[in-house]
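The next block holds one structure in the form of structure tokens; read it before the comments.
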Amino acid sequence: MVARHVDAIFLSPAQNDAELGALIRQGKHIAILDHTASISGMKCVSTDFYQASYDIAAHLLGHGRRRAAMLFGDEAAFSDQRVMGWVQAHRDLGLPAGPIYQSDFTREGAYQITADLLTHTAQERPDAIFAASDLEALGALRAIHEAGLRVPEDIALISFDGTAETLYTWPQLTTMKQDTMQIARCAIDAALRPDTAPDVQLVPAKLIVRRSCGCR
């Protein structure tokens, strides 16, 4: 891209901070998406994952759920802002943090993990699940239905992302919706006007309340 003389580069990378900091910038404007910490010479724009996850946990706990579990993508979970928000919400209410299971951000991973959890007795299985992506929520929902359990009566379920798929499940999924339009606006502004844009911009997400959490 540098050889093609682009004016700005938008990245949604998997690399860590050190690897990103070593990128050859050559004076180009680079905006990093979905990254919540500052990186020298670059602008970062992301959903406020910490607050969004905190609010999800608080919402489930506010429904009286006390055996909530989180389905999360990868093994590096404990340094992720979503996990940190989940843990802190429990701490602030004086409760032990609900367990976190690696489900690889896939339907299949979440389906298998949830199916395994539902083999436990009613006193041991989760009474609420926070799926860190809509895809994981779809897998979890299938496993719950196949086990003959009800959402939200037996297990409340909240997803993260807010894609259109959440409108076509049964029941419809309560989801934390990312404001992708605002993220795009902030990223473009950061790339084109880096001198005035903050180094890190965190965009709030919005909880879209439907039936799967127990509110309706």
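When reading the values below, keep in mind they use all heavy atoms of this one structure, side chains included, and skip hydrogens, waters and symmetry mates.
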For [X] and [Y], which heavy atoms make the closest approach, and how far apart are they?
X	Y	answer
A187	L33	CB-CD2, 3.6 Å
A137	A131	N-CB, 3.5 Å
A140	A110	N-CB, 4.1 Å
R67	R125	NE-O, 2.8 Å
D199	S38	CB-CB, 4.4 Å
L173	T169	N-OG1, 3.4 Å

Check your understanding: Do D161 and S133 meet the criterion of a side-chain donor-acceptor pair at a distance under 3.5 Å?
Key -> no
Check your understanding: D104 pairs by side-chain contact (heavy atoms from CB on, under 4.5 Å) with which of E108, R107, Q102?
Key -> Q102
Do [X] and [Y] come close enough that some side-chain heavy atom pair is under 4.5 Å?
X	Y	result
Y50	T36	no
H90	L61	yes
F49	M176	no
L207	V209	yes
C215	H59	yes

Common cluster, [X]/[Y], ILVMFWY with side-chain heavy-atom separation under 4.5 Å:
X	Y	result
F160	F72	yes
L135	F130	no
L141	L118	yes
I158	I155	no
L95	V87	no

Can you name the side chain to side chain donor-acceptor pair (under 3.5 Å) partners of [X], sequence neighbours left out?
X	result
Y101	none
Q172	none
D34	none

Would a distance-only check, ignoring hydrogens and angles, find a side-chain to backbone donor-acceptor pair under 3.5 Å from [X] to [Y]?
X	Y	result
D179	K206	no
R82	S53	no
R210	T175	no
S46	L202	no

Review point. For H145, what residues pass the ring pair (Phe, Tyr, Trp, His ring centres under 6.0 Å) criterion, not counting sequence neighbours?
Key: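 For H145, no residue satisfies ring pair (Phe, Tyr, Trp, His ring centres under 6.0 Å) once neighbours in sequence are set aside.
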**Study point:** Spacing of CG belonging to D134 relative to CD belonging to E165, to within rounding of 0.5 Å
**Key:** 7.0 Å
**Study point:** salt bridge (Lys or Arg N to Asp or Glu O under 4.0 Å) partners of D189, counting only residues at least two apart
**Key:** R193
**Study point:** Set of side-chain contact (heavy atoms from CB on, under 4.5 Å) partners for E153, sequence neighbours left out
**Key:**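 If we apply the side-chain contact (heavy atoms from CB on, under 4.5 Å) test to E153, skipping adjacent residues, the hits are R150, R211.
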